[in-house]
Each structure stands twice: as structure tokens, then as C-alpha cells.
Amino acid sequence: GESVGLHLPTLSVQEGDNSIINCAYSNSASDYFIWYKQESGKGPQFIIDIRSNMDKRQGQRVTVLLNKTVKHLSLQIAATQPGDSAVYFCAENIKNSGNTPLVFGKGTRLSVIA
Amino acid sequence: DSGVTQTPKHLITATGQRVTLRCSPRSGDLSVYWYQQSLDQGLQFLIQYYNGEERAKGNILERFSAQQFPDLHSELNLSSLELGDSALYFCASSVEAGNEKLFFGSGTQLSVL
């Protein structure tokens, strides 16, 4: 089975507020994590990634936090906009695993209320 | 636009039939991955090719097969189709063989009737 999961399947946020999407992983050997955004009818789109030698990484309006102690990953979206409405997936990869591909969580749907 | 091209966008077929899905990776990418996305299973890894060779295998059924050609495009063949094979099939590509971000195509929606 998958080792990546999500705390919340759906999240509704008021436009302008910050969003936090959470993800738990169970494989302590995982050392590379990615967040993807999938809009309706489209393929997953890369948002941001982080390697296990970091705790935090920031992009444009997005921040990923990694807590290796509790095997937890989160995606923070600042000033959420209607265009942020989508399903968000976390994915993990195991360093030097050779043949292990990205493993995806089941996704969280973010709905932005205007 | 991710640079990954998948055809066709939609495919409707009957049970027992065989279909071929096609993927062209981003220019310069050597790895191609196939994922299946259904409502109840999320994104499931099927198979990966790197520079023409099979690199990793996931939960791919024996009725399914894939290959990567010398020009690096890939095809996923689905045979003896069943109703449960109806899903979105995504192709993704990456520069190297793993531990890096993948770029996804827009998918092929397969409907088996």
C-alpha cells in the first residue's frame, strides 16, 4: 500500500486567507518530497519540492514545511485565490532507491470561497 | 504547458478490446513514467522507462505493457480491457532516472463500455 497519506480530504478557505494542506508519510527513508496541484481536466502540475536536509522552503506564495521527527509535510498557500482551487497531492521519493518512483498521496481538494 | 504530450485525449472502447496510448516526453528528458488515476485509487504508478529500458515496475497488470522507443517516446498498451480499466492515464517525464520532479502530460481519459 501507499506510504503517503493526507489528513484532510477537503479544505474550504475564504479568498485572501492562508491555506494549509497536510500530508503524512510513513517511510523514514524518504528524502525528497514534492507538492503537485491538479486542476480539473489537467495533469498534475509541479508546485514546490523539498529535500530532507531542509525544514522549510519558500516559493511564490507557497511554503513547504518538513518535519522529519513526526514524518509530516505541509503546504502553505498565502493569500489564497480562486485560481488555487484544485486537488493538491504530496509525493515522496526514497533517496538512492534505484527503482522506486514517486509515491503519491490520495490528494486534498482545496475550494476557495469568493 | 509541461512539454509532455499525450494522445489521444479521450478514448472510448468496449470490453475485450485493445488500445494504445502514446506519450512524447519533454525535450531532453530520458525517463518516461506511466500513472493510472481513478477516483478511488488516486495516482498509481504503473511503469517507468529510462533511455529505452524498463527501469521500475509498479502495480501494472499483465494485460498492460509499455515500451520506450529510440526517439524516447513511449506507448502504453492495454489489452483485454475491462470496465475497471476506465481511468485517466498520465504520462510523466524527467531528466534522469529518479529522485527528481516529474512533469506530467494532460492525460488520456479511457472509458471502457
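Convention: sequence-line order gives letters A, B, ...; per-chain numbering from 1. Everything quoted here is computed from the prediction, not taken from an experiment.
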K.L.:
Listed by residue number, which members of residues 75-85 of chain A have a heavy atom under 4.5 Å from any heavy atom of chain B?
P.N.:
none

K.L.:
Do B/Leu76 and B/Val32 sit in the same hydrophobic cluster, where Ile, Leu, Val, Met, Phe, Trp and Tyr count as joined when their side-chain heavy atoms come under 4.5 Å apart?
P.N.:
yes

K.L.:
Can you give the donor-acceptor pairs under 3.5 Å from side chains of residues 58-66 of chain B to other protein atoms, not counting sequence neighbours?
P.N.:
from	atom 1	to	atom 2	distance (Å)
B/Arg63	NH1	B/Ser79	O	3.0
B/Arg63	NH1	B/Ser80	O	3.0
B/Arg63	NH1	B/Asp85	OD2	2.8
B/Arg63	NH2	B/Asp85	OD1	3.0
B/Arg63	NH2	B/Asp85	OD2	3.2

K.L.:
Are B/Leu88 and B/Leu78 linked, directly or through intermediate hydrophobic residues, by side-chain heavy-atom contacts shorter than 4.5 Å (ILVMFWY only)?
P.N.:
no

K.L.:
Same hydrophobic cluster for B/Ile47 and B/Tyr33, using side-chain heavy-atom links shorter than 4.5 Å among ILVMFWY?
P.N.:
no

K.L.:
Hey, which residues of residues 100-113 of chain B are touching chain A, say heavy atoms under 4.5 Å apart?
P.N.:
B/Glu100, B/Lys101, B/Leu102, B/Phe104, B/Gly105, B/Ser106

K.L.:
Find out if a path of hydrophobic residues (ILVMFWY) with successive side-chain heavy-atom gaps under 4.5 Å connects B/Val4 to A/Phe104.
P.N.:
no

K.L.:
Applying a criterion of heavy atom separation less than 4.5 Å, what residues of residues 38-51 of chain A form contacts with chain B?
P.N.:
A/Gln38, A/Gly41, A/Lys42, A/Gly43, A/Pro44, A/Phe46, A/Asp49, A/Arg51

K.L.:
Check the hydrophobic clustering (I, L, V, M, F, W, Y; side-chain heavy atoms under 4.5 Å; chains of links allowed) and say if A/Tyr32 and A/Tyr36 are grouped together.
P.N.:
yes

K.L.:
Pick one of side chain, backbone, both or neither for B/Tyr35, based on which atoms fall under 4.5 Å of a heavy atom in chain A.
P.N.:
side chain

